[in-house]
Novice: 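I'd like to ask some things about the structure below.
All values derive from a computational prediction rather than experimental measurement. Residue indices begin at 1 and follow the sequence shown.
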Amino acid sequence: MFKKCVLFLFGWMALSAYAQPVLLIYGDSLSAGYGLPQDQGWVALLADRLRAEKFTYRVVNASVSGETTLGGAKRLEAVLAQHRPAIVVIELGGNDGLRGLPLATTRQNLETMIRTARSAGAQPLIVGMQLPPNYGTAYTEKFQALFEGVAREQKVPLVPFMLAGFGEKREYFQADGIHPTAAAQPLMLDNVWPVLRPLLGKRS
């Protein structure tokens, strides 16, 4: 009898978890929490906030350090099929810019991911990025405008800049000068939250 009760309980818990809507974070090292304990990244903090505010979403972090929009576009369909998310936060493009990849290619890949997410029944949200000034005024301005253009044309919500408010402050970055520290993670979440919150619907 005890064994049956335990099996029933675990089965119910698994079914309950499966029934939760999934919020998929699909990004690069900024969302993968590069150089940080897993529970300190902004995605882990997002999961904590959702629980604290009584939202029932289950957060899945499918971010990969070093990922480009091309790599993201290639693997997205399989990730969507596996997790069946209600919302997809697409935080990709920064590595494209750092590598000086063609902006037209980055735009095409972002648009492909948006269409793929929508085809799977998910609401996409994109996260904008900016580049350091040493990449040249023309390229950095066009790079920033790329995200704004895609969001406008595809009619998707946009977080203008993931590192807004601290991107120029060296103390918020690790020794490599690229990846944010633990102290920066709540600020990243605060940049995402105002755009994400309207997509979440009602609390439980």
Novice: What I'd like to find out is whether the side chain of Met113 reaches to under 4.5 Å of the side chain of Tyr26, using heavy atoms alone.
Specialist: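 Result yes, sub-4.5 Å side-chain heavy-atom pair found.
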
Novice: With no hydrogens and no angle check, is any side-chain donor or acceptor of Asp39 less than 3.5 Å from a backbone partner on Ala44?
Specialist: no

Novice: Take atom CD of Gln123 as the centre, draw a 6.0 Å sphere, and report whether it contains more than 12 heavy atoms from other residues, nucleotides or ligands.
Specialist: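 Atom CD in Gln123 is crowded, with more than 12 foreign heavy atoms closer than 6.0 Å.
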
Novice: Does any part of the side chain of Leu24, heavy atoms only, come nearer than 4.5 Å to the side chain of Leu80, both counted from C-beta?
Specialist: yes

Novice: In this structure, are over 12 heavy atoms from other groups packed under 6.0 Å from Glu77 atom CD?
Specialist: no

Novice: With a 4.5 Å cut-off on side-chain heavy atoms, are Leu46 and Ile25 touching?
Specialist: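 They are in side-chain contact.
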
Novice: In the structure I gave you, are the side-chain heavy atoms of Val43 and Gln38 within less than 4.5 Å of one another anywhere?
Specialist: no

Novice: Using side-chain heavy atoms (C-beta onward) and a distance below 4.5 Å, is Ile114 in contact with Ile126?
Specialist: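 Answer yes - side chains close enough.
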
Novice: Over 60° means perpendicular and under 30° means parallel, so tell me whether Tyr57 and Phe55 are parallel, tilted or perpendicular.
Specialist: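 Rings of Tyr57 and Phe55: tilted, as their planes differ by 30° to 60°.
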
Novice: Side-chain donor-acceptor pairs under 3.5 Å in residues 151-159, sequence neighbours left out?
Specialist:
| unit_1 | atom_1 | unit_2 | atom_2 | d |
| --- | --- | --- | --- | --- |
| Glu153 | OE1 | Arg107 | NH1 | 3.3 |

Novice: Checking Asp28 now: which residues fulfil side chain to side chain donor-acceptor pair (under 3.5 Å) with it, not counting sequence neighbours?
Specialist: none

Novice: Enumerate, atom names and distances included, each donor-acceptor pair closer than 3.5 Å involving a side-chain atom of residues 173-182, sequence neighbours excluded.
Specialist:
| unit_1 | atom_1 | unit_2 | atom_2 | d |
| --- | --- | --- | --- | --- |
| Gln174 | NE2 | Tyr34 | O | 2.8 |
| Gln174 | NE2 | Pro180 | O | 2.9 |
| Asp176 | OD1 | Ile178 | N | 2.8 |
| Asp176 | OD1 | His179 | N | 3.0 |
| Asp176 | OD2 | His179 | ND1 | 2.5 |
| His179 | NE2 | Ser29 | OG | 2.9 |
| Thr181 | OG1 | Tyr172 | O | 3.3 |
| Thr181 | OG1 | Ala183 | N | 3.4 |

Novice: Any donor-acceptor pair under 3.5 Å linking the side chain of Asn109 with the backbone of Ala73?
Specialist: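 Not confirmed, Asn109 side chain does not pair with Ala73 backbone.
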
Novice: Hey, what do you get for CG (Leu125) to CD1 (Ile90), rounding to the nearest 0.5 Å?
Specialist: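 If we round to the nearest 0.5 Å, Leu125:CG and Ile90:CD1 are 8.5 Å apart.
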
